[in-house]
Amino acid sequence: MDDNGDVAVDFGEDGLVPAVAQDAETGEVLMLAYVSPEALERTRETGRAHYYSRSRDELWEKGATSGHVQDVREVRVDCDADTLLYLVDQEGGACHTGHRSCFYRTIDGETVGEAVFDPDDVYADGGTVDETDHVDERDESTTESE
């Protein structure tokens, strides 16, 4: 705990922790992205989900390009304080591919999730993403998982 009584998040050697975004109402897992101390601070200040893009090496706000924002109801910390859970109200789709969740297919390649928007209508590059950093929003300088 820090001086404010907050849990001291362990950001590790690279200064990032994974954060799972989960629909606060349904429990559906929407996406995984990474959070820096600054991203967590901005999330807490604004009530909107902020993440850190490893590929672009910059902070980004979910939905700043697409309009598919995540209003954060609560931030939870796991038992080791090295992973976050954002309980969110998701507006539109969470995934840059146009799906409601980034977890829209099975390991066998079967599509099981709902497409809720056309990435060609939202992103200038049609929704391509750096697969090494999946969570990337198009051209908000490109965001994680939008």
Side-chain angles (χ1 to χ4, degrees), residues 6-7 9-146:
D6 292 342
V7 173
V9 176
D10 179 2
F11 287 95
E13 292 180 23
D14 65 356
L16 301 173
V17 295
V20 175
Q22 182 179 34
D23 186 289
E25 289 295 318
T26 67
E28 179 181 22
V29 175
L30 300 171
M31 60 179 270
L32 168 77
Y34 292 89
V35 172
S36 64
E38 181 184 7
L40 180 56
E41 182 180 325
R42 295 275 308 167
T43 296
R44 294 181 77 185
E45 286 173 357
T46 67
R48 291 267 172 99
H50 285 74
Y51 300 102
Y52 189 84
S53 171
R54 297 174 302 166
S55 63
R56 291 187 327 274
D57 194 27
E58 66 184 24
L59 183 74
W60 59 274
E61 179 183 349
K62 177 72 174 154
T65 297
S66 67
H68 300 167
V69 298
Q70 292 176 343
D71 290 315
V72 179
R73 285 196 196 178
E74 185 175 19
V75 178
R76 294 187 183 175
V77 183
D78 79 332
C79 57
D80 296 321
D82 63 0
T83 304
L84 301 176
L85 175 64
Y86 283 5
L87 297 175
V88 304
D89 293 320
Q90 176 69 51
E91 189 170 313
C95 187
H96 71 279
T97 65
H99 290 84
R100 168 115 176 107
S101 168
C102 292
F103 299 96
Y104 64 90
R105 57 191 172 179
T106 69
I107 194 71
D108 298 321
E110 178 186 359
T111 298
V112 294
E114 174 187 15
V116 295
F117 72 95
D118 182 348
D120 290 336
D121 293 340
V122 175
Y123 306 113
D125 66 358
T128 57
V129 68
D130 177 353
E131 292 298 329
T132 63
D133 193 26
H134 180 225
V135 272
D136 246 331
E137 173 167 279
R138 290 331 68 218
D139 229 308
E140 156 147 62
S141 272
T142 298
T143 308
E144 305 269 289
S145 206
E146 270 197 280

[atom1]/[X] to [atom2]/[Y] distance, rounded to the nearest 0.5 angstrom?
| X | Y | atom1 | atom2 | value |
| --- | --- | --- | --- | --- |
| Gln90 | Cys95 | CD | SG | 10.0 Å |
| Asp89 | Asp23 | CG | CG | 7.0 Å |
| Glu61 | Gln70 | CD | CD | 10.0 Å |
| Thr65 | His96 | OG1 | NE2 | 13.0 Å |

Validation row: [X], [Y] side chains within 4.5 angstrom (heavy atoms):
| X | Y | result |
| --- | --- | --- |
| Arg48 | Asp71 | yes |
| Lys62 | Met31 | yes |
| Leu85 | Val20 | yes |

My understanding is that only residues two or more places apart in sequence, or in another chain, count here; which of them pass side chain to side chain contact (heavy atoms under 4.5 Å, CB included) with [X]?
| X | result |
| --- | --- |
| Arg44 | Asp6, Leu40 |
| Glu38 | Ser36, Arg42, Leu59 |
| Asp14 | Leu16 |
| Pro37 | Phe11 |

Taking every non-hydrogen atom, the tightest pair across Tyr51 and Ala33: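 Heavy atoms only, the tightest pair is CD2-CB, 3.3 Å.
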Pair Glu25 + Arg73, salt bridge at N-O below 4.0 Å: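 So Glu25 pairs with Arg73 through a salt bridge.
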Kindly say whether [Y] contributes a backbone atom to a donor-acceptor pair with the side chain of [X] at under 3.5 angstrom?
| X | Y | answer |
| --- | --- | --- |
| Ser101 | Val29 | yes |
| Gln22 | Gly27 | yes |
| Ser53 | Glu58 | no |
| Asp78 | Thr83 | yes |

Residues forming a salt bridge (charged side-chain N to carboxylate O under 4.0 Å, His left out) with Asp10, sequence neighbours excluded: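 Counting only residues at least two positions away or on another chain, Asp10 forms no salt bridge (charged side-chain N to carboxylate O under 4.0 Å, His left out).
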Could you go through residues 108-118 and list every donor-acceptor pair under 3.5 Å that involves a side-chain atom there, pairing it with any protein atom two or more places apart or in another chain?
{"from": "Asp118", "atom 1": "OD1", "to": "Asp120", "atom 2": "N", "distance (Å)": "2.9"}

Derivation and outcome, side-chain contact (heavy atoms from CB on, under 4.5 Å), residues Val35 and Tyr52: CA-CA 5 Å; Val35 172; Tyr52 189 84; over 6 Å; no
